Each structure stands twice: as structure tokens, then as C-alpha cells.
Number of protein chains: 2
Amino acid sequence: MMNIGEAAKASGVSAKMIRYYESIGLISEADRTHSNYRVYGTNDVHTLRFIKRARNLGFSMEETSALLALWHDRTRASADVKQIATEHVQALETRISELQEMADTLRHLVHCCSGDNRPDCPILSNLAGQDRAVGQA
Amino acid sequence: MMNIGEAAKASGVSAKMIRYYESIGLISEADRTHSNYRVYGTNDVHTLRFIKRARNLGFSMEETSALLALWHDRTRASADVKQIATEHVQALETRISELQEMADTLRHLVHCCSGDNRPDCPILSNLAGQDRAVGQA
DNA sequence: CTTGACCTTCCCATGATGGGAACCTCTACA
DNA sequence: TGTAGAGGTTCCCATCATGGGAAGGTCAAG
């Protein structure tokens, strides 16, 4: 049995976030001591670590919530978990492509910019739209 | 001379955002008609398009603001523009790596998950931390 | 019995954007 | 000339996940 600060250290989730997770119903309300302090056990810490790992893999709170529910459901079908994960992989790939496209365009513009003390700059020209041919396939 | 709705259409920036950009000082305060309607000219539309392009390349409002200032400064050194762009490319690359790492880990887990109606699931096992060897180099 | 660390709740801020209410203005048409 | 509807104005709220901080209660050690 530990208080919120210890649970935070043990799980890697800040005390602030533990309270927030409780407030939005992601985790159940913690028991309290006579003096109103929240009390956590090892199971709670495991749950918090689960959440932390899911967040580190980029799952949204909503997805994390769904994963948590499946984790606690002994009769789950792994297909349900797999679907959430697969969709998230696709979302990640979409986002990566978008960022990659931005980076590619910018790298090209940066490459074309002399980067000296003169004002002429293909980066600004591109942003100004006076240079649409540069770096846009 | 056009009103905010026309400027929005011409620039691709929503009226809502145009007002917001004005409120945070990214663009100067628009002139008003006698009836308090904002009025925009072609220069304003060019500026809005510039902002739109910068945002599409993933620049933050702060970076966009700096780029706008450089654009308007005829005595700028292209090196200053290049630096902002280079730093942004690096930030994009960092973010891409992070997402890529998440996607790689998840793809592996998804690959290992049978995805049937049985409860056993390496994805959940990994999140629960009972499976640290899987998918984590 | 005090001090300092930690807990509690509550409010505010982020960044960029959209939604919507309440109200005003303009244009077109009968 | 009256009215309808489109579109303008300001202001507040919500998002998503997180942190900061104030005001006040609690606990443990000295």
C-alpha cells in the first residue's frame, strides 16, 4: 500500500496524471485513508504501467481505455486487440508519411538556399508561392 | 477589397483562423468598414497564403511568425531563414523517428498476434510488461 | 512543536482549431 | 419599404494530454 507519490514513482506516471486518469474514469477511484489520501497497491501500479506503455506507443487515451478493458476481460478475443493495434499502426504510418513529405520538401528548399547574408531565399520564395516549381512534385 | 469570408476563400485560411491570427498579433489588425467589417486586400491574401503554406510544412506559429518577419525584411540574411528551416527539418526527423519506432514495435506485436477469438495476445502481454523481450530491441 | 515534504482540490495555460450563441449588417427580392 | 437569408461581429466553450501553482490539510522526523 502506497500513496500517490510512491505510485507515481513506481509507475512512471506523474501524480498529476494519476489524478487526471481517475477523474476521466480511465482508472477506478482509488481508496482513501482516513485523511483522504489516495491509496494504491501493486495492481494499481501494474495498471498505470500498462497505461504508460500504451501511451508510449502512441495510443490515444480512448484506445488505451479500450485496451485496458480488453486486458481486464479474460474472455476477450485477441482479434479485437489486434484490430486496435493495426488501426493505430496505420494511423502512425499515415502521420509518418505526412511528416516525411514535409521534411522532403523542406530539405530540398534548404538545400537550394545559399544561407549567406544576402536576402534571396528559395525557402521564402516557396512560402510566398512565387516559386511553385521548386520542391513540389 | 474584400471581406473576411472572401479573404478566407482566396487564401484557404478559415475566417475563424484569420481573426485568431489577428488576435495573437501574427498579422496586423485589419482595417474596418463603417459597419465594423474587416477589410482585406491582395497583400493580405498573400500573407495569409504564406502562413498557410508554412503551417502546411509543419512550422509552428512561432516559427511562422519569424518567417513572416524575415519575408517582410528586405535586408534579411537568407542564413537566418535557412536556420529556422534546418532546425524544423531536424525536429521533423526526430518526430518521424519516434513514430517509426512506435510503428515498428507495434507492427512486430501485431505480426505475433494470432488475431482469433482466443484471449492470448502478445500485444496485451507486452503492454502488461510480462513480455519485455518481444519487440523491444 | 515546528519544519518540510507531501497530500488535497481547484483554476489556469498550453497550441491550433472548430462550434455555437447572441446580435448586427448587407443584399436581393416581392 | 419590409423582410429573409447570408454573412459579419464578439465572446465563450471544447478539444487532447499535460504541467504549474495557489491555498490549505496531513504526516514524520527532529
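Heavy-atom basis, side chains included; hydrogens, waters and symmetry copies ignored. Letters A, B, ... mirror the listed sequences (proteins, then strands); counts begin at 1. Note that the structure is predicted; figures quoted are calculated from it, not measured.
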Testing the basics here: between Arg95(A) and Leu99(B), what is the closest heavy-atom pair and its distance to 0.1 Å?
CG-CD1, 3.6 Å
Would you check if the side chain of Ser97(A) reaches a backbone N or O of Glu93(A) as a donor-acceptor pair within less than 3.5 Å?
yes
Verify, without hydrogens or angle tests, whether His88(B) (side chain) and Leu57(B) (backbone) share a donor-acceptor contact under 3.5 angstrom.
yes
Check whether the side chains of Ser78(B) and Asp116(A) place a donor and an acceptor atom closer than 3.5 Å, and report yes or no.
yes
With a 4.0 Å limit, can you tell me whether [X] has a side-chain N or O closer than that to the phosphate oxygens OP1/OP2 of [N]?
| X | N | value |
| --- | --- | --- |
| Ser35(A) | dC27(D) | yes |
| His34(B) | dC26(C) | yes |
| Ser60(B) | dG15(C) | no |
| Arg19(B) | dG7(D) | no |
| Tyr21(A) | dT18(D) | yes |

Length of the line joining [X]:[atom1] and [N]:[atom2], which is rounded to integer Å:
| X | N | atom1 | atom2 | value |
| --- | --- | --- | --- | --- |
| Lys52(A) | dT18(D) | NZ | P | 8 Å |
| Asn36(A) | dG24(D) | CG | C1' | 13 Å |
| Ile4(A) | dC6(C) | CD1 | C1' | 11 Å |
| Lys9(A) | dA5(C) | NZ | C1' | 10 Å |
| Met17(B) | dT10(D) | CE | C1' | 17 Å |
| Arg95(B) | dG15(C) | CZ | P | 16 Å |
| Glu62(B) | dT14(C) | CD | P | 12 Å |
| Met61(A) | dT15(D) | CE | P | 13 Å |

Would you indicate what [X] reaches in the nucleic acid, counting non-hydrogen atoms under 4.0 angstrom: base, sugar-phosphate, or nothing?
| X | result |
| --- | --- |
| Arg38(B) | sugar-phosphate |
| Thr33(A) | nothing |
| Arg55(A) | sugar-phosphate |

Judged by nearest nucleotide, the residue sitting upstream toward the 5' end of DNA chain C, Tyr37(A) or Lys16(B), is Tyr37(A)
Taking for each residue the nucleotide of DNA chain C with the nearest heavy atom, is it Asn3(A) or Phe59(B) whose nucleotide lies nearer the 5' end?
Asn3(A)
Tell me if the CZ atom of Arg74(A) is crowded by more than 12 foreign heavy atoms within 6.0 Å.
no
Side-chain-base donor-acceptor pair under 3.5 Å for Tyr20(B) and dG18(C)
no
